[in-house]
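All heavy atoms count here, side chains included; hydrogens, waters and symmetry mates do not. Computed from a prediction, not measured in an experiment: that's the story for all the values here. Whatever order the structure lists them in is the order used to number ligands and atoms, beginning at 1.
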Amino acid sequence: MAPKPRILLVEDESGIADTLQYVLATDGFTPVWCSTAEEAMRQFQAEPPALAVLDVGLPDMNGFELFRRLQALPGGSQVPMVFLTARSDEIDRVVGLELGADDYIAKPFSPRELVARVRTILRRSSRVNSAAVPAPVLPTPAVSAPAIWLLDEERRQIRFYGRLLELSRFEYGVLRMLVQKPGRVFTRDELLLTVWGDDNDSFDRTVDAHIKTLRAKLKLVAPALEPIRTLRGTGYALSEALPETIS
Ligand code: CA
């Protein structure tokens, strides 16, 4: 198996960094998070990453300056770099791209979108590198499709083919259990006990009702698929036969 491409993530807001690290790791990358420019330069010197994501507003230096300095380090000009910025004005975009950044992403952004762009840039740059120079060639970026399910327990969110599902507390609880073990059959009792707790006065049909609304929400994303299987008389399981992508 090819080594996972290392992505240097320079971002001082830990909330954003956490989300990005999670999504990158889920997608087959190795994120390396630094919250300051100084730390980023150290990391970069220790081992240049496959790609760097630079926040423009850093505490010790702006991202543009950091970009210039990283470019000047050994191997720096070969590493694709993407700017992240909270400021939505065009100046940042123009400055970033004129400096030679590979892309620019304005906050707020979807983590999925960022990962998709990282993937595209890496694919593009590994093609260019392998055509121009025989070695070294960047490690092959992971080309797996976006995860079918993405569970973010900290935010209590679930994405289905990249789309964020709007779930009630109990819908989230049920789907979370299924997503954690695709194919595993959960009985109604198990779901009731775990999601609703044992002091509930709910019934089997409570589970059925939530499965029904969940299915409706999943249909909005993928109308042709049946992600939740019913095992008559037993319970429910997440289908393991879903396509990797939907059109
Ligand atoms: Ca910042």
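- The backbone N or O of Ser168 sits less than 3.5 Å from a side-chain atom of Glu171, completing a donor-acceptor pair.
- Without hydrogens or angle criteria, Lys217 side chain to Glu166 main chain gives a donor-acceptor distance under 3.5 Å.
- Protein N/O/S atoms found under 3.0 Å from the Ca ion (ligand 1), listed by chain and residue number: Asp12 OD1, Asp55 OD2, Gly57 O.
- Panel note: side chain Arg119, backbone Leu114; no donor-acceptor pair is recorded below 3.5 Å.
- Remark: side-chain polar atoms of Lys181 are not paired, donor with acceptor, to backbone N or O of Phe186 under 3.5 angstrom.
- Remark: the Thr234 side chain and the Arg188 side chain contain no N/O donor-acceptor pair separated by less than 3.5 Å.
- Taking both residues in full, the closest heavy atoms of Met177 and Leu191 are given as SD-CD2, 3.8 Å, listed atom of the first, atom of the second, then distance.
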